[in-house]
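Counting starts at 1 for both ligands and their atoms, following the listed order.
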Amino acid sequence: MHTDTPATATPPGPWLHQVTLDDLATHGWSQQNQFLPEELTLALAAECRALAASGVLDFAAVGRGAAQALRPEIRGDRTRWLEAGQSDACDRYRVIMETLRLALNRAFFLGLDNYESHFALYAPGASYSRHLDRFRDDDLRTVSVVIYLNPGWLPEQGGALRLHPRGELARDIVPLGSRLVLFLSADMLHEVLPATCERLSLAGWFRRRTVI
Ligand code: OGA
Ligand code: MN
């Protein structure tokens with residue numbers, strides 16, 4: 001007698017809601033509030049501010065290779081890449097993102113095999129013009145992720161992430177602490193609007209395997 005293997009409904013992970021995955025599949029983007037525990041958001045925000053105070057956040061460049069340049073009028077954030085073992089809070093965050101990577105692979109067979117992430121700090125007035133997260137010479141970035149580190153942020157403080165889904169009206173997402181935003185790196189034009197106060201986030205990218 002032949003029996004099919006029962007379809008086991010594997011939950012996407014302790015923090016990720018199924019609807020977040022469904023929305024990403026349907027619309028090319030999704031968001032989920034309270035993705036990080038509040039105390040982890042606060043620890044990460046404190047770490048980002050401490051890195052800024054010790055002068056190790058650098059203005060992010062635009063473009064790649066020889067064309068790379070600092071253009072603060074296009075991109076005004078200061079960033080620092082995360083490294084394994086840099087702090088307890090960052091390591092906890094990396095474990096959570098690993099759970100997310102596995103959930104995305106289970107749901108969509110995307111073959112995501114690594115994650116890169118940086119702290120980003122936008123001073124008041126800083127912004128990031130409309131762009132795609134893929135480089136012309138590197139199409140491995142597949143899913144973009146932003147997690148905000150601004151507890152109690154109000155819409156009137158500005159700093160929204162403005163998504164431009166193809167063929168749809170633009171959507172503004174308030175950078176409220178612990179909120180997760182996911183979108184497909186290849187397709188989603190987006191920009192960061194200026195804010196009236198310091199805006200903190202962790203931006204990251206799940207990348208596909210390098211095909212040699
Ligand atoms: C980026 C970016 C969005 C945000 O870093 O590429 O688009 O809301 N960030 O911080
Ligand atoms: Mn971007």
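The closest donor-acceptor contact from the side chain of Ser201 to the backbone of Ile147 lies at 3.5 Å or more, if one exists at all. With Arg101 contributing its side chain and Leu112 its backbone, the two residues share a donor-acceptor pair below 3.5 Å. When atom types are taken as modelled, the side chain of Arg179 and the backbone of Tyr148 share no donor-acceptor pair closer than 3.5 angstrom. Here the side chain of Asn150 pairs no donor or acceptor atom with the backbone of Leu176 at under 3.5 angstrom.
For Tyr122, there are no ring-ring contact (aromatic ring centres under 6.0 Å, His included) partners two or more places apart in sequence or in a different chain. Looking at residues two or more places apart in sequence or on another chain, you find a side-chain contact (heavy atoms from CB on, under 4.5 Å) between Asp187 and Arg166, Leu184.
Applying the 6.0 Å contact sphere to CD of Gln34 captures no more than 12 heavy atoms from other residues, nucleotides or ligands.
Closer than 4.0 angstrom to ligand 1 lie heavy atoms from Tyr128, His131, Asp133, Val146, Tyr148, Leu161, His190, Val192, Arg199, Ser201, Ala203, Trp205.
Outside the 6.0 Å centre-distance limit, the rings of His164 and His190 are not counted as a close aromatic pair.
The pair Arg162-Asp172 meets the salt-bridge criterion, since a charged nitrogen lies less than 4.0 angstrom from a carboxylate oxygen.
Of all protein N, O or S atoms, those under 2.8 Å from the Mn ion (ligand 2) number 3.
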